[in-house]
Amino acid sequence: MLKTHHCGELRLEHVGQHVSVAGWVHRRRDQGGLIFLDLRDRSGIVQVRIDEQDQPAAHAAGSSLRSEFVVQVIGTVVARPEGTANPELPTGEVEVVPESVVVLNASKVPPFLVNREDVVDEEAKMRFRYLYLRRPNVQKNIILRHQVVKFIRDYLDERGFVEIETPILFKTTPEGARDFLVPSRLNPGTFYALPQSPQQLKQLLMVAGYERYFQIARCFRDEDLRGNRQPEFTQLDLEMSFVQRDDVMALIEGLMTTMANKFVPEKQLLTRPFQRLTYTEVMEKYGSDKPDLRYDLAAVDVTDIAGKSGFPIFVQNAGEGKPIKAIRVPKMGANSGMQLRKETANLEDLVRTVGAKGLAWMAIPEKEDEEVKGPIGKYFTVDQKLELFARVGIQPGDLVLFTSDQRDIVYAVVDTLRRHLAEKLELADPNVLAFAWVIDFPLFFWSEEEQRWDPSQHMFTMPVPEDVPYLDSDPGKARGSQYDLICNGQEVAGGSIRIHERAVQEKIFPLIGQTMERAKEQFGHMLEAFEYGTPPHGGIASGIDRLIMVLSGETNIREVMAFPKTQNGADLMAGAPSPAEARQLADLFIRVVEPAKKS
RNA sequence: GGAGCUGUGGUGUAGCGGUUAACACACUGCCCUGUCAAGGCAGAGACCGCGGGUUCGAAACCCGUCAGCUCCGCCA
């Protein structure tokens with residue numbers, strides 16, 4: 001080894017020891033006859049002091065050092081003189097006095113500063129990924145990720161889970177996301193699909209009697225990227241036999257709580273045990289099935305009151321059964337008239353992007369004797385206003401936003417406004433983890449496009465027991481035994497109890513537009529397996545990347561992945577994807593068709 | 001497939017119709033023996049993403065295009 005110690009571990013107790021440390025030049029402070037060097041490795045930073053008088057050779061070497069050079073320093077640990085310790089640094093009470101300073105490798109001037117946390121152009125981050133990953137704050141995220149995954153493995157191992165790998169080359173399925181396909185050379189014209197999740201395989205492992213399975217599983221979905229979505233990502237995937245919904249939820253809740261306490265003890269859990277909210281509840285209040293519960297900004301239904309006002313749009317919408325919802329924004333109504341008009345115009349532009357036709361508002365004055373501001377105040381009688389204010393919990397100085405439209409648009413508006421306002425007003429406490437369960441999802445959503453029911457999770461989700469009769473009478477009313485875990489506005493896990501009886505499964509297929517013949521083609525292996533003694537089972541999958549985002553407080557998934565892709569799905573460092581050689585294509589019996597040029 | 005934002009020395013930004021294109025950090029050289037975002041002095045470095053157009057004149061205005069980002073659709 002070229003090093004006897006890591007830079008960040010040297011303390012007063014090492015004083016007098018002869019050590020060898022090696023790492024990168026974090027900073028160099030050259031005062032002529034005296035050079036201070038901050039040497040950095042993964043463990044941290046230690047100061048090296050090179051005195052021209054005492055160590056002329058080392059001093060000469062030190063003078064030539066530049067940022068990000070890789071050097072080895074052999075020398076003695078000494079206590080810093082009185083008054084020169086640096087309390088900011090864990091190693092701040094000591095420094096290394098070198099006998100020799102050896103450049104192991106020089107470095108070009110990096111394209112951005114590695115020794116600062118400055119914002120960097122996203123393209124540069126990607127193109128020089130290895131340099132971005134060298135930044136201490138990024139290393140922290142990547143190492144946290146390792147520790148969390150190790151914790152999960154240990155936690156589940158202690159509870160009798162077996163980690164089992166499942167194939168990356170598997171079978172395409174018609175349901176769900178678009179598959180990444182891999183051509184088969186040995187079977188011309190046929191394709192494997194990369195797994196969207198090991199869903200089917202883990203259920204088959206339950207049939208196989210493993211009882212408790214888990215996997216840190218890479219998953220692939222060929223859909224457009226988002227700030228919290230990459231085409232390949234990692235899930236903690238698990239499945240348990242002989243369990244009911246609460247068993248799976250309790251396991252995950254224990255895991256998440258222990259993990260949060262262990263890795264981010266400074267962050268408070270919003271509630272313990274995690275609160276359980278129904279799908280209907282979160283949609284009506286927050287317009288989202290994964291609301292950020294660190295702040296309120298909840299929507300209140302005021303259809304009855306506003307529908308009786310004189311505002312024609314509200315009256316008409318209420319008559320057509322469209323909801324009218326109000327959101328109270330504390331303090332924002334106290335702005336000047338001009339600011340208010342500007343703000344509300346911005347908000348109106350924002351909600352138009354999700355399909356709203358407009359945005360009504362009222363600003364409540366801080367002084368009692370002033371009039372309510374805003375375009376719709378005049379349509380409400382004094383009594384209606386009082387009733388409204390009581391319902392919504394209005395305080396002086398508040399701004400109240402109103403939205404009314406088809407229900408799904410109202411939801412989108414509420415969600416969009418909440419996210420936007422929370423960010424603008426800095427309402428989300430970064431030191432809170434707002435874990436919550438969302439339960440009682442509808443088993444199906446009606447697809448207008450396809451004119452049929454679509455499973456809201458997947459086709460193997462068991463209905464809650466008392467809703468099984470709805471499968472025949474009113475499928476839209478059936479709730480699934482699904483549970484999602486949300487935290488700070490992210491869905492961090494989702495699972496369900498599965499159907500293990502063929503009779504129930506056979507009721508599902510026709511509802512989602514699958515004939516039995518087609519179902520047998522696609523899922524014959526599953527149906528067949530279920531006839532050989534299938535235990536009741538259920539499970540859950542948790543997005544590791546999103547979990548690390550939430551724990552580290554990052555707002556983008558790229559910050560917690562070592563080598564992520566751009567929004568176009570490209571790797572700017574390696575230049576993937578790239579065209580294949582003609583020879584490779586020939587081996588695979590693949591011919592490339594040039595995409596049609598836009599005229 | 002659609003909407004929006006951004007693109008100016010290596011990095012982050014300013015400039016938004018006429019500027020020797022400004023500033024900070026980084027970089028180079030010199031000075032400096034207790035610094036730790038070291039300091040001081042001097043200096044180099046940008047045809048303003050690319051292609052058209054408007055104009056006497058474009059970094060700036062218009063059109064197109066490329067790239068990055070955010071969002072909608074999509075993501076069981």
(request) Give L89(A) one of three labels, base, sugar-phosphate or nothing, depending on what nucleic acid heavy atoms sit under 4.0 Å from its own. (result) nothing
(request) Starting from P on C75(B), measure out to CD on Q235(A) and report it in whole angstrom. (result) 16 Å
(message) Regarding N556(A), tell me which of base, sugar-phosphate or nothing describes its non-hydrogen contacts under 4.0 Å with the strands shown.
(response) sugar-phosphate
(message) Quick check on R42(A): does its CZ atom have over 12 non-hydrogen neighbours (other residues, nucleotides or ligands) under 6.0 Å away?
(response) no
(message) With a 6.0 Å cut-off (strictly less than), is the heavy-atom count around CD of E232(A), excluding the residue itself, greater than 12?
(response) yes
(request) Name the nucleic acid region contacted by E122(A), choosing base, sugar-phosphate or nothing; use a 4.0 angstrom heavy-atom cut-off, strictly under. (result) sugar-phosphate
(message) So for atom NZ, which belongs to K507(A), do other residues, nucleotides or ligands contribute more than 12 heavy atoms lying within a distance under 6.0 Å?
(response) no
(request) Would you indicate what D121(A) reaches in the nucleic acid, counting non-hydrogen atoms under 4.0 angstrom: base, sugar-phosphate, or nothing? (result) sugar-phosphate
(message) If you compare every side-chain N and O of R29(A) against the phosphate oxygens of A38(B) (OP1, OP2), does one of them come in below 4.0 Å?
(response) yes
(message) Does G68(B) have its OP1 or OP2 closer than 4.0 Å to a side-chain nitrogen or oxygen of T566(A)?
(response) yes
(request) Please indicate whether R245(A) has more than 12 foreign heavy atoms, meaning atoms of other residues, nucleotides or ligands, lying under 6.0 Å from its CZ. (result) yes
(request) Under 4.0 Å between any heavy atoms, over every strand shown, what does Q199(A) touch: base, sugar-phosphate, or nothing? Just pick one. (result) base
(request) Select base, sugar-phosphate, or nothing to describe what R27(A) touches, counting heavy atoms under 4.0 Å on all strands. (result) sugar-phosphate
(request) Return no unless some side-chain N or O of N86(A) is found under 4.0 Å from OP1 or OP2 of U35(B). (result) no
(request) For E95(A), report the nucleic acid contact type (base, sugar-phosphate, nothing); a contact means any heavy atom under 4.0 Å. (result) base
(message) Distance criterion of 3.5 Å, no angle test: do you see the side chain of R28(A) paired donor-to-acceptor with the base of C36(B)?
(response) no
(message) Mind checking if S197(A) touches a base, just sugar-phosphate, or nothing, with heavy atoms under 4.0 Å?
(response) base
(message) Around atom CZ of F220(A), are there more than 12 heavy atoms from other residues, nucleotides or ligands closer than 6.0 Å?
(response) yes
(request) Have a look at R558(A) and say if it touches a base, only the backbone sugar-phosphate, or nothing, with a 4.0 Å heavy-atom cut-off. (result) sugar-phosphate
(request) Report which part of the nucleic acid N115(A) touches: base, sugar-phosphate, or nothing (heavy-atom distance under 4.0 Å, all strands). (result) nothing
(request) Rounded off to whole Å, could you give me the CZ-to-P distance for the F36(A) and A38(B) pair? (result) 12 Å
